[in-house]
Amino acid sequence: MAKGKSVGADGVSIVLCGQAGMGIQTVEGILTGMLKLAGYNVFATKEYMSRVRGGNNSTEIRVSSRPVSAYVDRIDILVPLNKGAISHLRDRISADTVVIGEAELLGDEVSGAKFKFVETPFTKIANDLGNKIYSNVVATGTLAGLLGMKLDDICEYVKRSFSTKAADVVSNNVKAAQAGFRLAENVAVRAGIKINMSPDAGVKDQIIPSGGDSIGLGAMAGGCNFVASYPMTPSTSVLSFMAKHGRDSGIIVEQAEDEIAAINMAIGAWYSGARAMVTTSGGGFALMVEGVSLAGMLESPIVIHLGQRPAPATGLPTRTEQADIELALYAGHGEFPRIIFTPGTLEQAFYLTACAFNLADKFQMPVFILSDQYLVDSYYNTAAFDVSKVKVEKYVVKTAAGYKRYEMTPTGISPRGIPGFGDGLVCVDSDEHDAEGHITEDLGLRTRMVDKRLRKLESAKAEIVEPQLYPNCKYKNLVVCWGSTYPVVKEAIELLGKSDTSLLHYSQIYPLHPQTADYLSKAKRVVIVEGNATAQFAKLIKLHAGFDIKDRILKYSGLQFSVEEVTVALKKILK
Amino acid sequence: MDTNVFDMGDIDVAWCPGCGDYGILNVLKKVLAELDIAPEKLVMVSGIGQAAKIPHYLRTNFFNGLHGRALPPATAIKAANPSMTVIAESGDGDMYGEGGNHFIHTIRRNPGITNIVHNNMVYGLTKGQASPTSPLGFKTPVQVAGVMLEPFNPLAVAIALDAGFVARAFIGDAEKTKEILKKAITHKGYALVDIFQPCVTFNKINTWQWFKEHTYYLEDSYNPLDRSAAFKRALETDKLPLGIFYINPNKSAFEDNVGIYQQDNRPLFEREPDLNRLRMLIGKFRAAG
Ligand SMILES: Cc1ncc(C[n+]2csc(CCOP(=O)(O)OP(=O)(O)O)c2C)c(N)n1
Ligand code: SF4
Ligand SMILES: [Mg+2]
């Protein structure tokens, strides 16, 4: 390959941008698939508009010799597919960005540009093959060639990707990829770049699920067998995942008439012996709130996947945000305990979701998986989830005659029976109730019942997931974050290169880990990074750990933080 | 089975003396006893209201959930364990007002549950406001100028949605109500029984006497398999017909449609996840997309 400026020490960032319906996903799917198979580390994340056609959507694909899992602003190679794409990404394009595309399509956006533009006749090649539609695969071939993939591997993979299609479609796509591949050398020469990457032997055996897939797989590993939900971006991917694999795995998956029905179904399912989950987003969860309170009163287990997106109201349906901590924390009238997980990696998404079912069953309370659009829609290669590390723990008891559902116990946890299993009767009531589950207005008993329910939180506190400290416990500066920002802040800390700065990531924010104050007060300076406007986790920490975090890096535009953005912000604060 | 297996003994019942709810409770106990449904194999699901307190007065399993929300949990309870008999029972406000959306979609979903609605044409528990079935002109502390909204017609709605079993009863006739309920509970799939139930405290219009005078039974020759005829009869308002309006015996129930009981009829709680299948599924993610 041509000589030129070496790119790719920490990987290459490729961005595809076009209108919805233009086939960005085809390129993304084939490219990431073949790269992963060839042993490269791959990460992909998308930002898209809430429309089915048109607009400007982009996907970032990072390819690297070492693991990558965070969004960067930097674009090494841009493939704009329509007019407007370049302006859409204006702020992220630099003099080093190589833009490959067709001037005819992109118009004046490429003339006199500050980036390196290389004309690549994707459409002409496609038309020569008989249909414009092949242009996406031509582009895929070019990108794969640029990244150093072998032509045979590319053709093989393209063949596989279109294997369900007619023979001529398959052969035309292979030809398209070959033609695209032949353009690569010229692009490298003209742009003056040379990409140096080597495959990583470990990658082949890894898996490359999205956050949504990971949550779905985790639910299955946790023994989930009932899902009721109502579609709402970005939580829908978990619903479709469960629907796709549900029947074969003995899981009932139902699209309810609304979110109110969904959560009431899920609670009914737990009562009847199922392990149930709902998956929703802010507005849908708002409708579920009464059901959360019902679970509190019935002492019903319930697993709630809440995929955050910008709000209030309908907000930005397809974008990301971390502004529903307080919603999850305070949802439901009255006082009752709950657990809130905030996974930041695919691995955490899998294991914590599985764990959520056990904890919900054990403590008989709502357990939240608080994710967001960024986590749900992004994917990268990660070690295959190990099912043997997860145990489905069931806490249902066989009842005897005279069984009392709400028997008083020191831990507050009453053995949970279900109807039809044993000789007892299982009576649950949304009214305040006695030990048997019957309505009561005995106000002394009321007080004891509130105490009983709240006591369960003390038991749950014994099993709080520890926050992760990176790289070590010798720090002067501590950067705190939670949920999906983990890989971004982690890479920012690496980029910052300050040996006195560590990261503390919370994958469970409630109940808050009891050592939080210790972690924080050890640092000279504490900075929090949150994807919201009011530093909700900082407030939670203040309330529960008594520690006031003054330095805050907040973002609520609808996009995830980029690695560079966090790095710059940290530099400013930690000068 | 003896009806007294369902007796709660000496308990404090929150219903007013003379209320139609007592009759429904007594009839229901008889129906369950005659059908040999053991308390342990039954789940009563209700919402909130005077009618919705009925599970507390009957010795069995129950899920007394939220106002308007009896049908979703009832559906799930049946789906998670189809061997149970599930009855969802509440008032007209609960089922047709707050729970109206669930009423519509539960019919479409067709779970094997019996939906009993105490239709007293008023909100009893909250002291006398209009319900969706209150008659036009009905004055209440809130509807001070009288009800102006067209009364909800649950039977017509259910028939329009092709509910599998649609009936109306009047608790003034315990014997006939019992027969209707027995058929409803043995029907496979969703069954609606709307029961006229006089509220002696807050509804001075639709009294025992009023219901007696304004109802009659569908004639013996009536064919409940004829949906158009059923719809027509459901629209009658001068005098309100009682009996089984409509039966569609050809519908499969939700729990049979969910696709997990064909090979294996064990309820969900007896099952373990198939970890090998899950391992294979995880393995499939070695390839992207
Ligand atoms: C969400 C909610 N809104 C309002 C109420 C108050 N409420 C309880 S029962 C009821 C109406 C009861 O009427 P109906 O269902 O007809 O039962 P009835 O008492 O007449 O038997 C209302 C409005 C409530 N419990 N929950
Ligand atoms: S208020 Fe009406 S419906 Fe309620 S118990 Fe009294 S009479 Fe019956
Ligand atoms: Mg009523």
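The figures here come from the full heavy-atom set of this structure, side chains too, leaving out hydrogens, waters and symmetry mates. In what follows, every chain begins at residue 1, and chains take the letters A, B, ... in the order their sequences are listed.
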- Message: For the CG atom of L71(B) and the CE atom of M265(A), what is their distance to the nearest 0.5 Å?
- Response: 9.5 Å
- Which bit of I11(B) is near chain A, if near means a heavy-atom gap under 4.5 Å: side chain, backbone, both or neither? neither
- Item | Residue part contacting chain B, namely of H433(A), when any heavy atom lies under 4.5 Å | neither
- Query: Of the backbone (N, CA, C, O) and the side chain (C-beta and beyond), which part of S214(A) lies under 4.5 Å from a heavy atom of chain B, both, or neither?
  - Reply: neither
- Item | Between C427(A), A274(A), G273(A), the one whose heavy-atom pairs under 4.5 Å with chain B are most numerous | C427(A)
- When the 4.5 angstrom heavy-atom criterion is applied to I267(A) and chain B, the contacting part is both
- Query: With a 4.5 angstrom heavy-atom cut-off, which part of D248(A) approaches chain B: side chain, backbone, both or neither?
  - Reply: both
- Message: Can you tell me which portion of N101(B) sits under 4.5 Å from chain A's heavy atoms? Options are side chain, backbone, both or neither.
- Response: both
- chain B heavy atoms under 4.5 Å from E257(A): which part of the residue, side chain, backbone, both or neither? both
- Examine whether an atom of K204(A) lies under 4.5 Å from a heavy atom of chain B, and if so say whether it belongs to the side chain, the backbone or both; otherwise answer neither. backbone
- Message: Please find the pair of heavy atoms, one from P73(B) and one from G268(A), that lie closest to each other, and give the distance.
- Response: CB-CA, 3.8 Å
- Applying side chain to side chain contact (heavy atoms under 4.5 Å, CB included), run through H245(A) and R277(B) and close with a yes or a no. CA-CA 10 Å; H245(A) 303 292; R277(B) 178 181 280 282; over 6 Å; no
- Message: As an exercise, state the distance from CZ of F63(B) to CG of L294(A), rounded to the nearest 0.5 Å.
- Response: 5.0 Å
- Are a donor atom and an acceptor atom from the side chains of H56(B) and D429(A) found within less than 3.5 Å of each other? yes
- Message: Please determine whether the number of non-hydrogen atoms from other residues, nucleotides or ligands lying under 6.0 Å from atom CZ of F241(A) exceeds 12.
- Response: yes
- NZ on K394(A) to CZ on R271(B), rounded to 0.5 Å: 10.5 Å
- Any chance CZ of R108(B) has more than 12 other-residue heavy atoms, nucleotides or ligands included, within less than 6.0 Å? no
- Taking the side chain from K36(A) and the backbone from A287(B), do they hold a donor-acceptor pair closer than 3.5 Å? no
- N257(B), part contacting chain A, at a heavy-atom distance under 4.5 Å: backbone
- Query: Quick one: are R279(B) and S388(A) in side-chain contact, heavy atoms under 4.5 Å?
  - Reply: yes
- Query: What do you reckon, is NZ of K404(A) surrounded by more than 12 foreign heavy atoms closer than 6.0 Å?
  - Reply: no
- Specify which of P419(A), S293(A), A266(A) makes the most heavy-atom pairs with chain B at under 4.5 Å. P419(A)
- Take atom NZ of K41(B) as the centre, draw a 6.0 Å sphere, and report whether it contains more than 12 heavy atoms from other residues, nucleotides or ligands. yes
- By a 4.5 Å heavy-atom criterion (distance strictly below it), what part of A228(A) contacts chain B: side chain, backbone, both, or neither? neither
- Side chain, backbone, both or neither: which part of Y271(A) has a heavy atom under 4.5 Å from chain B? side chain
- Task: Search all heavy atoms of S430(A) against all heavy atoms of G65(B) and return the closest pair with its distance.
- Result: OG-O, 2.7 Å
- Message: So E40(B) and L425(A), do their side chains get closer than 4.5 Å, heavy atoms only?
- Response: yes
- Message: Quick check for you: to the nearest 0.5 Å, what is the distance between S272(A) atom OG and N81(B) atom CG?
- Response: 5.0 Å
- Query: Which atom names give the shortest non-hydrogen contact between H438(A) and F62(B), and what distance separates them?
  - Reply: CE1-CE2, 3.4 Å
- Task: Check whether any side-chain N or O of N61(B) sits under 3.5 Å from a backbone N or O of V426(A) as a donor-acceptor pair, and report yes or no.
- Result: yes
- Greater than 12 external heavy atoms within 6.0 Å of Q263(B)'s CD: no
- Item | Contact winner vs chain A - L281(B), D274(B), L275(B), V43(B), heavy-atom pairs under 4.5 Å | L281(B)
- Do D431(A) and K53(B) pass the side chain to side chain contact (heavy atoms under 4.5 Å, CB included) test, and can you show the C-alpha distance, the side-chain angles, and the key distance before you say yes or no? CA-CA 10 Å; D431(A) 294 275; K53(B) 287 179 181 157; over 6 Å; no
- Looking at I260(A), V203(A), V42(A), V396(A), which one has more heavy-atom pairs under 4.5 Å with chain B than the rest? I260(A)
- Task: Taking atom CD of E34(B) as the centre, report whether more than 12 heavy atoms of other residues, nucleotides or ligands fall under 6.0 Å from it.
- Result: yes
- Name the option with the most non-hydrogen atom pairs under 4.5 Å to chain A; the candidates are L66(B), I260(B), L278(B), T75(B). L66(B)
- Item | Under 3.5 Å: donor-acceptor pair, side chain of R109(B), backbone of E254(A) | no
- Message: side chain to side chain contact (heavy atoms under 4.5 Å, CB included) for I252(A) and Y261(B)? Distances and angles first, verdict last.
- Response: CA-CA 10 Å; I252(A) 296 176; Y261(B) 292 113; 4.2 Å; yes
- Non-hydrogen atoms of chain B under 4.5 Å away: do they reach the side chain of Q255(A), the backbone, both or neither? backbone
- Message: Given heavy-atom pairs under 4.5 angstrom as the criterion, report whether the side chain, backbone, both or neither of V258(B) touches chain A.
- Response: both
- Message: Show, in sequence, the C-alpha distance, side-chain angles and deciding distance for V387(A) and N276(B), and conclude whether the side chain to side chain contact (heavy atoms under 4.5 Å, CB included) test is met.
- Response: CA-CA 9 Å; V387(A) 173; N276(B) 280 331; over 6 Å; no
- Below 4.5 Å from any heavy atom of chain B, which atoms of I439(A) appear? Answer side chain, backbone, both or neither. both
- Within a radius of less than 6.0 Å around CG of D12(B), do more than 12 heavy atoms belonging to other residues, nucleotides or ligands occur? no
- Item | Proximal component of P273(B), with respect to chain A [non-hydrogen, under 4.5 Å] | side chain
- At what distance, to the nearest 0.5 angstrom, does NZ of K284(B) lie from CG of L217(A)? 11.0 Å
- For each of F350(A), F226(A), F421(A), tally heavy-atom pairs with chain B at distances under 4.5 Å, and name the one with the top tally. F421(A)
- Message: For the interface with chain B, which of I30(A), D258(A), V253(A), L37(A) has the highest count of heavy-atom pairs at distances below 4.5 Å?
- Response: D258(A)
- Message: Taking side chain as everything from C-beta outward and backbone as N, CA, C, O, which of these in D205(A) sits under 4.5 Å from a heavy atom of chain B? Side chain, backbone, both or neither.
- Response: both
- Item | Closest-packed option against chain B by number of heavy-atom pairs under 4.5 Å, given D213(A), L35(A), V392(A) | D213(A)
- Task: Go through the atoms of I251(A) and report whether side chain, backbone, both or neither lie under 4.5 Å from a heavy atom of chain B.
- Result: backbone
- Residue P267(B) versus chain A: region with a heavy atom under 4.5 Å: neither
- Proximal component of E436(A), with respect to chain B [non-hydrogen, under 4.5 Å]: neither
